[in-house]
Amino acid sequence: MRVLIIGGSGFLGTELIRQAVAAGHETAATFTTRRPDVFPGVAWWHLDVRRAADVAGLIADLAPSVVLNASSGGAHWEVTADGAAHIALSAAGHGSRLVHVSSDAVFSGARTRYDESCPPDPLTPYGAAKAAAETVVRHLAPGAAVARTSLIIGRGRSTHERLVHALAAGSREGVLFTDDVRCPVHVTDLAAALWELALCDTPGMFHLAGPDALSRHELGVLIARRDGLDPTRLPTGLRTDAPHPGPVDVRLDSSATQRQLRTRLRGAREFLG
């Protein structure tokens with residue numbers, strides 16, 4: 001099977017590629033700035049998802065069975081929202097199975113626990129862009145799977161793990177919020193679950209997050225202990241005191257999705273224990 005991973009040079013994209021290669025799939029992946037020097041046999045393509053014609057041309061040339069959009073444009077609307085539209089339109093036009101990765105940032109935290117039926121109510125520009133991407137993907141590619149996830153943790157390489165190391169070393173200013181709660185997921189589990197969704201035909205919304213709800217500081221303490229760092233060196237603060245507003249307590253309820261999957265999404269207390 002030929003698969004295309006958009007955003008393959010990112011943290012999640014790298015794990016998606018690793019699992020695709022291990023499964024024997026013919027794998028192509030995209031990058032925006034730097035072509036990774038890993039995974040022999042993977043076909044790498046430079047792609048700016050803001051350019052609709054480039055997206056359409058690549059998907060037409062490759063004719064992948066599966067397109068998995070793991071790109072990350074942050075709050076940049078042209079990448080996160082418009083880029084998702086370009087990908088969805090081209091994937092649907094060529095009959096490719098599309099899996100679009102979204103985020104718990106689409107929620108405000110007003111109701112704390114969110115299942116797959118909850119509509120987005122974002123507070124931040126990033127959340128608004130991700131919510132718009134979800135809407136356009138489901139409109140243009142109604143057969144697609146949209147998968148919301150939370151903080152992605154790995155083996156020391158994630159943004160959150162690097163931040164903990166920098167704060168513990170005193171090489172970076174900042175705090176870990178004690179009132180900002182999420183449901184972290186391990187990148188290996190997340191990628192395996194995304195491939196399950198990619199290899200089935202079920203459309204709709206899915207939640208892929210761990211079962212443990214932790215504050216960013218609690219998560220940082222677990223990371224520090226695993227890595228032999230002093231957790232007392234991690235500075236704390238409150239999201240509610242931060243200069244920029246953002247959701248506080250957002251817990252993705254993944255139980256309905258989990259019942260459909262073979263992959264077990266572990267909680268952070270387990271995979272960091």
Side-chain angles (χ1 to χ4, degrees), residues 7 9-15 32-34 36 38 70-76 79-80 101-109 112 122-130 148-191 208-252 254 265-273:
S9 59
F11 177 54
L12 173 59
T14 299
E15 179 60 24
T32 53
T33 56
R34 184 180 63 83
V38 291
S71 60
S72 177
H76 296 287
V79 176
T80 299
V101 181
S102 189
S103 166
D104 57 10
V106 302
F107 296 125
S108 69
T112 303
L123 290 179
T124 65
Y126 171 62
K130 294 298 282 187
R148 294 175 180 141
T149 191
S150 190
L151 303 183
I152 307 173
I153 308 299
R155 302 176 185 87
R157 297 181 295 111
S158 70
T159 300
H160 316 289
E161 290 162 288
R162 294 198 305 269
L163 173 61
V164 168
H165 278 250
L167 291 174
S171 61
R172 176 172 172 176
E173 294 184 357
V175 298
L176 295 177
F177 298 127
T178 58
D179 60 343
D180 185 327
V181 176
R182 298 293 187 272
C183 296
V185 64
H186 197 281
V187 67
T188 303
D189 300 345
L190 175 59
L208 300 176
D212 294 342
L214 300 171
S215 73
R216 290 182 186 261
H217 179 255
E218 289 173 321
L219 177 62
V221 168
L222 290 177
I223 292 169
R225 288 174 175 166
R226 180 200 65 183
D227 295 344
L229 306 175
D230 181 359
T232 65
R233 294 184 58 84
L234 300 176
T236 62
L238 296 174
R239 164 69 78 177
T240 51
D241 291 339
H244 302 292
V248 177
D249 193 338
V250 178
R251 310 181 189 204
L252 290 188
S254 303
L265 301 170
R266 295 168 292 166
R269 292 187 180 90
E270 178 179 349
F271 62 72
L272 290 171

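In what follows, every heavy atom counts, from backbone to side chain, and hydrogens, waters and symmetry copies are set aside. Bear in mind the structure is a predicted one, so any value in this text is a computation, not a measurement.
At a threshold of 4.5 Å between non-hydrogen side-chain atoms, the residues L219 and S215 do not count as touching. A 4.5 Å side-chain heavy-atom check between H217 and F177 finds every atom pair outside the cut-off. Inter-residue side-chain proximity for R182 and P247 is flagged as met; some heavy-atom pair is nearer than 4.5 Å. In this structure, L234 and L229 have side chains that are not in contact, with every pair of non-hydrogen atoms separated by 4.5 Å or more. Under the 4.5 Å side-chain criterion, counting only non-hydrogen atoms from C-beta, T32 is not in contact with V79. Counting heavy atoms from C-beta on, the side chains of I153 and F271 come closer than 4.5 Å. Within the 4.5 Å cutoff, no side-chain heavy atoms of V221 are placed close to those of E218. At a threshold of 4.5 Å between non-hydrogen side-chain atoms, the residues P235 and L176 do not count as touching.
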* Yes or no on side-chain contact (heavy atoms from CB on, under 4.5 Å) for T159 and F11, after CA distance, side-chain angles and deciding distance? -> CA-CA 9 Å; T159 300; F11 177 54; over 6 Å; no

* To do: Take V248 and V181 through the side-chain contact (heavy atoms from CB on, under 4.5 Å) test and state the conclusion after the steps.
  => CA-CA 6 Å; V248 177; V181 176; over 6 Å; no

* **Evaluation steps, side-chain contact (heavy atoms from CB on, under 4.5 Å), between H165 and D227** => CA-CA 9 Å; H165 278 250; D227 295 344; 2.7 Å; yes

* To do: For the pair V185 and L151, evaluate side-chain contact (heavy atoms from CB on, under 4.5 Å) and give the outcome as yes or no after the intermediate values.
  => CA-CA 6 Å; V185 64; L151 303 183; over 6 Å; no

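In terms of heavy atoms, G246 sits closest to T124 at CA-CG2, 3.9 Å. Minimum interatomic distance between G174 and L167 (heavy atoms only, all atoms of both residues): O-CD2, 3.7 Å. Between R233 and G170, the closest heavy-atom pair is NH2-N, 4.4 Å.
In this structure a side-chain-to-backbone donor-acceptor pair under 3.5 Å is missing from D249 to T112. Between the side chain of E161 and the backbone N or O of S158, at least one donor-acceptor pair lies under 3.5 Å. The main-chain N or O of T232 is found under 3.5 Å from a side-chain atom of D230 such that the two form a donor-acceptor pair. The main-chain N or O of D212 is never found under 3.5 Å from a side-chain atom of R269 such that the two would form a donor-acceptor pair. Distance alone, capped at 3.5 Å, places no donor-acceptor pair between the K130 side chain and the P122 backbone.
S103 OG to R148 CZ: the interatomic distance, rounded to the nearest 0.5 Å, is 9.5 Å. To the nearest 0.5 Å, atoms CD (E15) and CG (D189) are separated by 9.5 Å. For the atom pair C183 SG and L208 CG, the distance stands at 12.5 Å (nearest 0.5 Å).
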Determine all donor-acceptor pairs shorter than 3.5 Å in which one atom belongs to a side chain in residues 236-244; sequence neighbours excluded.
from: R239; atom 1: NE; to: D180; atom 2: OD2; distance (Å): 3.1
from: R239; atom 1: NH2; to: D180; atom 2: OD2; distance (Å): 3.0
from: T240; atom 1: OG1; to: D179; atom 2: OD2; distance (Å): 3.3

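Remark: H160 NE2 is packed, more than 12 non-hydrogen atoms of other residues, nucleotides or ligands lying under 6.0 Å away.
Donor-acceptor pairing under 3.5 Å is recorded for the side chains of S150 and D104. Neither side chain, R216 nor T178, offers a donor N or O lying under 3.5 Å from an acceptor on the other.
In terms of the side chain to side chain contact (heavy atoms under 4.5 Å, CB included) criterion, residue partners of A129 (sequence neighbours excluded) are, by chain and number, W77, T80.
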